[in-house]
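Just so we're on the same page: letters track the sequence lines, and every chain starts at 1. Basis for what follows: all heavy atoms, side chains included, without hydrogens, waters or symmetry-related copies.
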Amino acid sequence: MIDLAKKLNPQQCETASETEGAFLVIAGAGSGKTRTITYRIANMLDKGIPQSAILALTFTNKAAREMEQRIKELTGRKLTKLTISTFHAFGVKILRESITRLGYKENFSIYDQTDKISLIKEAARSLKIDPGTLDLYNLTNVFSSIKTGREVWSPETSQYKDIYNEYNDLLKLYNAADFDDLIVLPIKIFQDHPDVLAEYQARYRYIMVDEFQDTSKIQYTMVHLLAQKSGNICVVGDDDQSIYSWRGANYDNIIQFEKDFPDVREIKLEQNYRSTGTILDAANSVIAHNTKRKNKSLWSKSGEGLPISVNYPENEAKEADFIADTIILLKGRGDLKFDDFGILIRTNSLAANIEDALLREAIPYSVSGGTSFFTRKEIKDIISYMRVMTNPDDDISLLRVINTPRRGVGKKALETITGFGKEKHCSVFRAIKDLTAMENSPLPDKLKGQLDDFIHLIFNYKEKFSTGRNMSATLNALVDDINYWGYLVMEYQKNEKEAKWKYKNIMTFINLMDRWEKDPDNEDVNLYSYLNRITLITRDDAQGDEGGKVNLMTIHAAKGLEFKVVFLAGCEDAIIPHARALEDDPDNIEEERRLFYVAVTRAMERLYITSCRTRHHQNEDMICIPSRFLEEIPSGLTKASEPEKPLTEEEKMTRIMSKFSRFKGNIK
DNA sequence: CGTCTCCAGGTTTTT
DNA sequence: CCTGGAGACG
């Protein structure tokens with residue numbers, strides 16, 4: 001038995017010890033939120049609540065993994081029946097069990113952003129609309145908003161209604177689900193089939209939601225459906241750290257929660273255990289400028305600590321050098337490890353320069369975000385092969401690999417094949433199979449032979465994979481068989497390094513699979529679950545935390561993490577707050593401020609802020625203005641290593657010009 | 001008919 | 001600066 005009162009402060013203790021009923025826990029930054037949840041679950045297990053009755057929903061895979069690890073350590077139990085996962089992974093779990101209720105077949109594919117764009121193109125083409133005239137990236141967002149109920153069709157968007165409908169028809173036809181479907185379809189199952197819902201309600205009688213402030217409306221709907229029966233639900237969040245409203249995360253959820261569970265008990269965790277007094281004061285001062293927030297005040301017993309260092313490097317290269325040099329310097333003192341450092345940036349594009357400097361100084365680092373490993377072209381190619389094997393209806397993946405490596409399948413041949421498929425209402429895979437077997441096929445004989453080989457290859461490897469044994473070796477053989485290396489050499493003739501690098505990525509991918517299938521805790525070893533898994537893993541894969549790497553990531557990705565030393569780079573106006581955020585809605589300034597607040601509160605001991613004087617952007621040297629949030633930090637808390645020089649008349653002029661051009665550039 | 005090459009455009013944040 | 005699409009070539 002764990003003595004909660006001894007390990008936790010009174011508010012934490014209350015949260016952890018009361019397991020029945022509805023709870024709303026407002027947990028400030030660094031207030032020991034994860035610790036509290038961990039103890040709460042451990043306490044449930046102590047009380048004899050079965051693992052299988054507990055569902056904990058987190059925001060990222062990493063958070064889920066960490067929580068599981070901590071509970072394991074705390075209780076010393078095996079946790080095979082406990083469900084700790086992200087909303088999306090939980091959605092996949094439900095769909096794998098019940099998607100046939102909606103008329104889908106079992107091995108559905110999950111489409112990421114890239115697949116989604118391909119599919120929208122496909123939908124447009126089938127409606128005789130030239131995809132070239134569309135802003136596809138933008139459409140992915142519009143469709144997402146519509147599907148999740150965040151927005152309704154507006155005069156500007158309603159012209160895309162037909163494409164949207166076609167897009168959804170195709171998804172179903174291809175037996176595929178996009179990310180939104182992973183939440184929307186389970187809800188549909190629950191609503192259409194009360195018996196299924198009742199089953200899940202009976203199974204998950206104790207539900208916890210972490211980072212509740214970032215739950216979207218539909219995610220909340222899903223949780224509410226599950227929890228309304230038992231009424232045992234505990235949501236934990238911090239409105240000041242709500243940074244995903246653009247994705248449908250909604251403050252209204254807190255209000256809705258209070259309505260849906262009128263007996264809710266509200267607990268506030270306000271003691272901060274993470275940061276020095278200086279850092280906390282700075283954070284508090286900044287966030288106080290926001291008007292829409294629940295009242296709370298973070299306090300701490302720790303001392304004031306060091307002043308916050310604010311620097312104004314000449315340009316982004318100097319900024320990167322400063323960060324790298326400072327890491328070397330602090331590391332040299334011996335009491336810090338590389339993974340005690342976090343470098344936070346507003347946008348992924350800021351990472352490149354910093355990576356350069358870290359590489360040059362031979363500082364080991366890991367970047368999260370940006371083009372995720374699994375969305376790299378070469379990796380997607382390989383994944384698509386495997387997807388076709390698990391789901392032959394997946395036309396998008398099939399079209400991706402049919403001519404990769406090149407098999408002489410060009411535009412004309414593709415037209416014939418897809419045309420045939422449309423006519424016969426069958427998948428492209430089926431069409432290829434039929435067309436190659438046909439007597440007087442419209443395809444030339446040479447191509448028929450090639451395609452026949454392709455079909456056999458798919459069947460052959462599907463068979464090998466289906467044993468569920470040694471899948472990484474099978475994959476290795478597949479990569480050899482299709483001569484992917486030869487393909488890379490061809491494609492990157494002038495750049496052998498690139499080809500080698502891409503091939504190395506594939507080898508890494510195979511190794512990852514090997515590790516995964518040999519993991520003794522893994523109870524579900526088959527190709528399909530692997531594919532599901534990697535589609536949902538994105539930025540936080542780098543679980544190789546051997547303790548030796550500096551962390552470079554976006555502020556969004558840093559949510560829930562803490563570092564002894566934090567660098568906040570690119571603290572310039574138009575970066576944070578981001579120019580695009582402020583364009584239409586001035587209310588967005590509050591979210592940008594929360595983002596800044598999240599960044600500051602990641603720091604435990606030292607905080608370095610850099611704001612470049614100039615920055616190279618789109619082939620132009622732009623003059624930069626320091627972020628307006630810097631002014632919101634009381635000057636007594638900072639130490640400017642390099643005070644800003646007053647502007648010359650000429651500089652003022654350029655600044656106005658650059659502002660103007662930036663503004664112009666951002667209209668539509 | 002498939003492939004190669006040049007040119008325009010473009011990502012804020014993520015599951 | 002890098003990616004993807006359109007047009008010329010083999």
Side-chain angles (χ1 to χ4, degrees), chain A residues 57-64 85-92 110-114 116-118 121 130-133 135-138 140-141 144 148 177-184 211 214-216 218-219 242-249 344-350 352-353 368-372 374-377 403 406-416 443-444 446-447 450 490-491 493-495 498 532 534-540 553-559 570 574-583 588 591-592 594-595 598-599 616-619 665-666 668:
Chain A
L57 293 166
T58 61
F59 196 70
T60 62
N61 295 296
K62 190 175 190 171
S85 79
T86 63
F87 274 95
H88 288 84
F90 182 64
V92 171
I110 303 171
Y111 281 1
D112 66 13
Q113 179 96 350
T114 320
K116 195 171 175 179
I117 286 178
S118 311
K121 271 189 214 163
D130 176 13
T133 62
D135 180 350
L136 292 161
Y137 181 82
N138 189 34
T140 61
N141 292 328
S144 189
T148 57
D178 63 20
F179 280 135
D180 300 315
D181 283 332
L182 299 182
I183 312 294
V184 171
E211 309 284 8
D214 289 325
T215 328
S216 68
I218 52 164
Q219 287 173 330
S242 163
I243 54 176
Y244 281 89
S245 68
W246 49 274
R247 208 173 79 181
L344 308 187
I345 45 184
R346 171 71 237 263
T347 66
N348 286 305
S349 55
L350 299 178
N353 294 298
S368 27
T371 24
S372 142
F374 297 104
T375 60
R376 301 195 125 103
K377 230 174 33 209
N403 204 31
R406 303 201 183 280
R407 292 187 181 85
V409 185
K411 215 169 139 203
K412 188 71 196 190
L414 271 181
E415 257 165 37
T416 315
L443 298 175
K446 194 173 162 214
L447 188 59
Q450 289 265 17
M490 278 280 289
E491 293 292 297
Q493 293 175 21
K494 55 242 131 178
N495 194 346
E498 185 75 5
N532 281 339
I534 57 179
T535 317
L536 295 177
I537 291 183
T538 44
R539 58 161 194 246
D540 54 1
M553 61 180 76
T554 64
I555 302 171
H556 283 90
K559 191 159 65 92
I575 292 183
I576 181 164
H578 199 278
R580 301 208 39 171
L582 303 182
E583 248 168 47
N588 288 336
E591 174 139 329
E592 295 290 308
R594 287 193 293 270
L595 208 42
V598 167
H616 195 73
H617 184 57
Q618 286 178 344
N619 267 336
N666 279 326
K668 242 191 163 31

**Study point:** Under-3.5 Å donor-acceptor pair between A:His578 side chain and B:dT12 base
**Key:** no
Revision key, fill the gap. For A:Glu211 and A:Phe59 the tightest heavy-atom approach is CG-CB, 3.9 Å
Point to revise | Gap between atoms CG and P, on A:Leu57 and B:dT15 respectively (whole Å) | key: 15 Å
Exercise for review: Among the candidates B:dT14, B:dC1, B:dT3, find the nucleotide nearest to the side-chain atoms of A:Asn403.
Suggested key: B:dT3
Point to revise | With sequence neighbours excluded, residues passing side-chain hydrogen bond (donor to acceptor under 3.5 Å, both in side chains) with A:Gln219 | key: A:Ser216
Check your understanding: Are OP1 or OP2 of B:dT14 and a side-chain N or O of A:Asn348 less than 4.0 angstrom apart?
Key -> yes
Exercise for review: May I ask you to say what A:Ala413 touches in the nucleic acid, namely base, sugar-phosphate or nothing, with a heavy-atom cut-off under 4.0 Å?
Suggested key: sugar-phosphate
**Study point:** Candidate pair A:Thr148 and A:Ile183, rule side chain to side chain contact (heavy atoms under 4.5 Å, CB included), full reasoning
**Key:** CA-CA 9 Å; A:Thr148 57; A:Ile183 312 294; over 6 Å; no
**Study point:** Per A:Thr60 side chain, nearest of listed nucleotides B:dT14, B:dC4, B:dT15
**Key:** B:dT15
Point to revise | Nucleotide nearest A:Lys412 when distance is taken to its side chain, options B:dT12, B:dC1, B:dT14 | key: B:dC1
**Study point:** Value in whole Å for how far the C1' atom of B:dT11 lies from NE2 of A:His556
**Key:** 13 Å
Exercise for review: Would you say whether A:Trp246 stacks on B:dT13? The test is a distance between ring centres of less than 5.5 Å and an angle between planes of less than 30°.
Suggested key: yes
Review point. How many Å lie between NZ on A:Lys62 and P on B:dT15, as a whole number?
Key: 12 Å
Point to revise | Sequence-distant partners of A:Leu414, side chain to side chain contact (heavy atoms under 4.5 Å, CB included), two or more places apart | key: A:Leu399, A:Ile402, A:Val409
Review point. Looking at A:Thr347, does any N or O in its side chain come under 4.0 Å of the phosphate oxygens OP1/OP2 on B:dT11?
Key: no
Review point. B:dT13 C1' sits how many Å from A:Glu591 CD, rounded?
Key: 9 Å
Review point. Is there a donor on the side chain of A:Arg346 or the base of B:dT13 sitting less than 3.5 Å from an acceptor on the other?
Key: yes
Review point. Sequence neighbours excluded, which residues qualify as side chain to side chain contact (heavy atoms under 4.5 Å, CB included) partners of A:Thr140?
Key: A:Gln113, A:Lys116, A:Ile117, A:Ile120
Review point. With A:Tyr111, which residues qualify under ring-ring contact (aromatic ring centres under 6.0 Å, His included), at least two apart?
Key: none
Practice item. Measure from the side-chain heavy atoms of A:Ala581 and tell me the nearest of B:dT11, B:dC4, B:dT12. Key: B:dT12
**Study point:** Nearest-Å distance for atom pair CG/C1', residues A:Leu182 and B:dT15
**Key:** 8 Å
Using the 3.5 Å cut-off, write out each protein N or O paired with an N or O of nucleotides 4-6 of chain C and the distance between them.
residue, atom, partner, partner atom, Å
C:dG5, OP1, A:Lys121, NZ, 2.3

Point to revise | Residues which pass side chain to side chain contact (heavy atoms under 4.5 Å, CB included) with A:Ala177, listed by chain and number, not counting sequence neighbours | key: A:Phe108, A:Asp181, A:Leu182, A:Leu185
